Amino acid sequence: MRFHKGYILCDICGETALLPDGEKGVELTGMLHLNSTAAEVFRHFCDKDFEEEDITTFLLEHYDVEEHTAREGAAKLTAAFRKFDAFDR
């Protein structure tokens with residue numbers, strides 16, 4: 001997977017959101033609200049190819065979380081990004 005270049009991370013009134021930009025802004029409307037963990041995941045992987053397992057590893061390395069919780073979180077986060085059409089591939 002890789003995040004589509006047509007998204008930007010913005011701070012809107014203290015809330016972090018992923019917004020479509022450029023061509024994506026014409027195709028899509030709306031935004032994806034992100035908690036601080038999801039925003040860190042986006043920042044870390046925004047210019048990299050990665051898999052869901054890489055997100056799990058990132059969560060385990062940066063947060064005090066059990067492996068099954070990290071896997072569930074990575075799966076939910078991947079699903080949310082996919083639903084928002086945030087991936088190139």
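All heavy atoms count here, side chains included; hydrogens, waters and symmetry mates do not. Count residues from 1 along the sequence. In this text the structure is predicted, and so the values were computed from the model without any measurement.
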Using salt bridge (charged side-chain N to carboxylate O under 4.0 Å, His left out) as the criterion, list what pairs up with Glu51, not counting sequence neighbours. none
Interatomic spacing from CG in Leu77 to CG in Leu34 - rounded to 0.5 Å: 7.5 Å
With sequence neighbours left out, write down each residue that passes side-chain hydrogen bond (donor to acceptor under 3.5 Å, both in side chains) with Glu61, or none if nothing qualifies. none
Here the pair of heavy atoms bringing Thr16 nearest to Ala39 is CG2-CB, 3.7 Å
Over all atoms of both residues, closest heavy-atom pair of Phe87 and Arg82: CE1-N, 3.7 Å
Does any pair with a residue in residues 33-42 pass salt bridge (charged side-chain N to carboxylate O under 4.0 Å, His left out), and if so which ones, sequence neighbours excluded? Glu40-Arg43
From Asp54 CG over to Glu52 CD, what is the distance, rounded to the nearest 0.5 angstrom? 10.0 Å
Which donor-acceptor pairs under 3.5 Å do side chains of residues 66-73 form with protein atoms, sequence neighbours excluded?
from: Glu66; atom 1: OE1; to: His68; atom 2: ND1; distance (Å): 3.4
from: Glu67; atom 1: OE2; to: Arg71; atom 2: NE; distance (Å): 3.2
from: Glu67; atom 1: OE2; to: Arg71; atom 2: NH2; distance (Å): 2.6
from: Arg71; atom 1: NH1; to: Glu53; atom 2: OE1; distance (Å): 2.5

Under the rule for ring-ring contact (aromatic ring centres under 6.0 Å, His included), what residues qualify as partners of His44, not counting sequence neighbours? Phe58
Euclidean distance, Tyr63 OH relative to Thr37 OG1, rounded to 0.5 Å: 4.0 Å
Taking only Lys NZ, Arg NE, NH1 and NH2, and the carboxylate oxygens of Asp or Glu, determine whether Arg2 and Asp49 approach each other closer than 4.0 Å. yes
Any heavy-atom pair between the side chains of Tyr7 and Leu32 that's under 4.5 Å? no
For a side-chain contact (heavy atoms from CB on, under 4.5 Å) check, start with the C-alpha distance between Leu19 and Ile12, then their side-chain angles and the critical distance, and finish with the verdict. CA-CA 11 Å; Leu19 300 170; Ile12 302 171; 4.0 Å; yes
Contacts of Asp11 that satisfy salt bridge (charged side-chain N to carboxylate O under 4.0 Å, His left out) - sequence neighbours left out: none
List in chain and number order the residues that pass ring-ring contact (aromatic ring centres under 6.0 Å, His included) with Phe42, two or more places apart in sequence or in another chain; answer none if no residue qualifies. Phe3
Who are the salt bridge (charged side-chain N to carboxylate O under 4.0 Å, His left out) partners of Lys5, not counting sequence neighbours? Asp47
Nearest heavy-atom contact between Ala74 and Leu59 is N-CD1, 4.0 Å
Can you tell me how far apart CD1 (Ile8) and SG (Cys46) are? Round to the nearest 0.5 Å. 12.5 Å
How many angstroms lie between CE in Met31 and SG in Cys10, if you round to the nearest 0.5 Å? 8.5 Å
